Amino acid sequence: MFSFSDNVKEIVKKIPKGKTMSYGEVARKAGNKNGARAVGAIMKANRNPQIPCHRVIRSDGSPGGFNRGTKKKIELLKSEGVRM
DNA sequence: CGTATGACGTGCA
DNA sequence: GTGCACGCCATAC
């Protein structure tokens, strides 16, 4: 029995390196296509280093937010080859 | 249990 | 292209 939050965590953990997923995409795969906000809420509530939440960005390509600093998130993505 | 808030998404001006 | 407003879901108080 996987809750939406657990599902989202699994999805984000499955994101390959050098790739990014929008909150809406993750929410849709988790079961709630309209749960983009919920995904963000779960991410900030869940501080798991196993979860590359920095690979999750907004659908517009904006970085969104990050517990360690949004700027750091951009740096990580750029370091992985994810640029816009 | 009900209200308020937030790491979103889409639409319109 | 930028900015504002409305709607959705989950969590916190």
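Naming convention: chains lettered A, B, ... in sequence-line order (proteins, then strands); numbering from 1 in each chain. From a predicted model like this one, the values you see are computed outputs, not experimental measurements.
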Near-strand residues of residues 2-32 of chain A, defined as heavy-atom separation under 4.0 angstrom from DNA chain C: Phe4(A), Ser5(A), Asn32(A)

Interface residues of residues 52-74 of chain A with DNA chain C (non-hydrogen, below 4.0 angstrom): none

Hey, can you pull the residues of residues 41-49 of chain A with a non-hydrogen atom under 4.0 angstrom from DNA chain B? Ala41(A), Met43(A), Lys44(A)

Partners passing salt bridge (Lys or Arg N to Asp or Glu O under 4.0 Å) against Lys9(A) (at least two apart in sequence or in another chain): Asp6(A)

What pairs with Lys13(A) under salt bridge (Lys or Arg N to Asp or Glu O under 4.0 Å), at least two apart in sequence or on another chain? Glu10(A)

Looking at Thr20(A), Leu77(A), Thr70(A), which one forms a side-chain contact (heavy atoms from CB on, under 4.5 Å) with Pro63(A)? Thr70(A)

Test of understanding: with side chain to side chain contact (heavy atoms under 4.5 Å, CB included), list the residues that count as partners of Ser59(A), not counting sequence neighbours. Ser22(A)

Sequence neighbours excluded, which residues qualify as side chain to side chain contact (heavy atoms under 4.5 Å, CB included) partners of Lys78(A)? Glu75(A)

For every nucleotide of nucleotides 2-7 of chain C, 5' to 3': is a protein heavy atom under 4.0 Å from its base (B), only from its sugar-phosphate (S), or from neither (-)? -----B

Pair listing, salt bridge (charged side-chain N to carboxylate O under 4.0 Å, His left out) test, anchored in residues 56-66 of chain A, at least two apart: Arg58(A)-Asp60(A)

When clusters are formed from ILVMFWY side-chain contacts under 4.5 Å, directly or step by step, what else is grouped with Phe66(A)? Leu76(A)

Taken in chain and number order and not counting sequence neighbours, the residues that satisfy side chain to side chain donor-acceptor pair (under 3.5 Å) with Arg28(A) are none

Contacts table for residues 31-57 of chain A: side-chain donor-acceptor under 3.5 angstrom, sequence neighbours left out:
| residue | atom | partner | partner atom | Å |
| --- | --- | --- | --- | --- |
| Asn48(A) | OD1 | Gln50(A) | N | 2.9 |
| Arg55(A) | NE | Glu80(A) | OE1 | 2.9 |
| Arg55(A) | NE | Glu80(A) | OE2 | 3.4 |
| Arg55(A) | NH1 | Ile15(A) | O | 2.9 |
| Arg55(A) | NH2 | Glu80(A) | OE2 | 2.8 |

